[in-house]
Chemist: 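What follows is a structure written as structure tokens; I'll ask about it next.
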Amino acid sequence: MIELKGLTKVYGRGAAAQTALSGVDLSIRQGEIFGVIGHSGAGKSTLIRCINLLERPTEGEVRVGGIDLTKLGRRELQERRRKIGMIFQHFNLLSSATVYDNIAFPLRLTRTPGKAVETKVNELLSLVGLAEHADKYPAQLSGGQKQRVGIARALASEPDVLLCDEATSALDPQTTDSILALLLDINKRFGLTIVLITHEMHVIQSICDRVAVIHGGGIVEQGEVAKVFLKP
Ligand code: ADP
Ligand code: ADP
């Protein structure tokens, strides 16, 4: 589903150049929950942002569904990106828009007819358990509720991949577990491929099928979670 080949990212130039990733190869299967774990500064955020080209790799291929995104023109890339949803550590919601309008946002961007927007948003609101909070603003929600809005917004375009950038790092342990349960439910229900980055082992062990350990911009180990972390 997702194939990264020789992925390298260097920020800046000359003396200020900073290599964040060097020659990363990674293969993520359709329908799995794939985790990338590593310490702060290891390159996790750069890696996940390269999958939808939010960050342009300096070198290498980013194949999603067989297509190398780095070779696409602006228009085609925009089109393809709609099928790659993303959620963030700090939720990135529009603070002056209601829960309903935050979720409707990507649908309105693509000029979805009003009636279809309404049906879809209501469906998503009940999926993430926020039907009673549609008219609230982000500031009136708890962290977990904000992330549920983020998830609903990401699902609005019916993506086949969901990227999670430290999606539970700002949440307390109990809320983290409820968000992880929701992600697992979505993965099972829609067969959605999920890629998540985290510095928390608990996140990897509770929902990931396979994991890669990143250190200093390179993958140092990868495989099934049980094999990587519970060696005999
Ligand atoms: P992580 O998500 O694992 O904390 P990052 O991908 O954010 O790691 O960072 C990897 C390395 O790249 C770090 O050394 C970081 O300082 C550097 N880096 C990340 N983003 C930038 C940027 N925009 N400009 C320069 N250096 C960056
Ligand atoms: P988040 O909390 O959302 O993970 P970060 O604090 O890691 O965000 O980074 C915020 C922004 O700063 C990102 O766009 C990232 O690429 C950039 N960034 C991260 N590290 C550096 C760095 N060392 N120099 C410049 N920009 C950086």
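First listed ligand is number 1; within each ligand, the first listed atom is number 1. No experiment lies behind these values; they were computed from the predicted model shown.
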Chemist: Could you tell me whether a side-chain N or O of Asp68 sits under 3.5 Å from a main-chain N or O of Val62, the two making a donor and an acceptor?
Modeler: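 Yes: the side chain of Asp68 pairs with the backbone of Val62.
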Chemist: Quick one: which of Lys83, Arg82, Lys120 gives a salt bridge (charged side-chain N to carboxylate O under 4.0 Å, His left out) with Glu158?
Modeler: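 Result: among Lys83, Arg82, Lys120, Lys120 is the only option passing the salt bridge (charged side-chain N to carboxylate O under 4.0 Å, His left out) with Glu158.
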Chemist: Check this for me, if you would: do Glu3 and Arg63 make a salt bridge, where the nitrogen-to-carboxylate-oxygen distance has to be below 4.0 angstrom?
Modeler: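 Looking at Glu3 and Arg63, the cut-off is not met.
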Chemist: Quick check: does any side chain N or O of Gln145 sit under 3.5 Å from a backbone N or O of Ser142, one acting as donor and the other as acceptor?
Modeler: yes
Chemist: Considering the heavy atoms of Lys44, write down every atom of ligand 1 situated less than 4.0 Å from one of them.
Modeler: 1 (P), 2 (O), 3 (O), 4 (O), 6 (O), 8 (O)
Chemist: Report yes if some N/O of Gly43 lies less than 3.5 Å from some N/O of ligand 1; otherwise report no.
Modeler: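 N/O-N/O distance below 3.5 Å exists for this pair.
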Chemist: Below 4.0 Å, non-hydrogen atoms only: which portion of His199 touches ligand 1? Side chain, backbone, both or neither.
Modeler: neither
Chemist: Is there a donor-acceptor pair closer than 3.5 Å between any side-chain N or O of Gln147 and the backbone N or O of Phe88?
Modeler: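 At least one qualifying donor-acceptor pair exists.
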Chemist: Any nitrogen or oxygen of Ala20 lying under 3.5 Å from a nitrogen or oxygen in ligand 1? Just yes or no.
Modeler: no
Chemist: Regarding Asp165 and Lys44, does a basic nitrogen lie under 4.0 Å from an acidic carboxylate oxygen?
Modeler: no
Chemist: Which ligand 1 atoms does Ser45 reach within 4.0 Å, using its non-hydrogen atoms?
Modeler: 1 (P), 2 (O), 6 (O), 7 (O)
Chemist: Heavy atom to atom 14 (O) of ligand 1, shortest distance: which of His215, Gln18, His39 holds it?
Modeler: Gln18
Chemist: Ligand 1 and Ile197, any nitrogen or oxygen pair closer than 3.5 angstrom?
Modeler: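 The answer is no, given that Ile197 and ligand 1 share no N or O pair closer than 3.5 Å.
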Chemist: At the 4.0 Å heavy-atom cut-off, does Gly41 count as touching ligand 1?
Modeler: yes
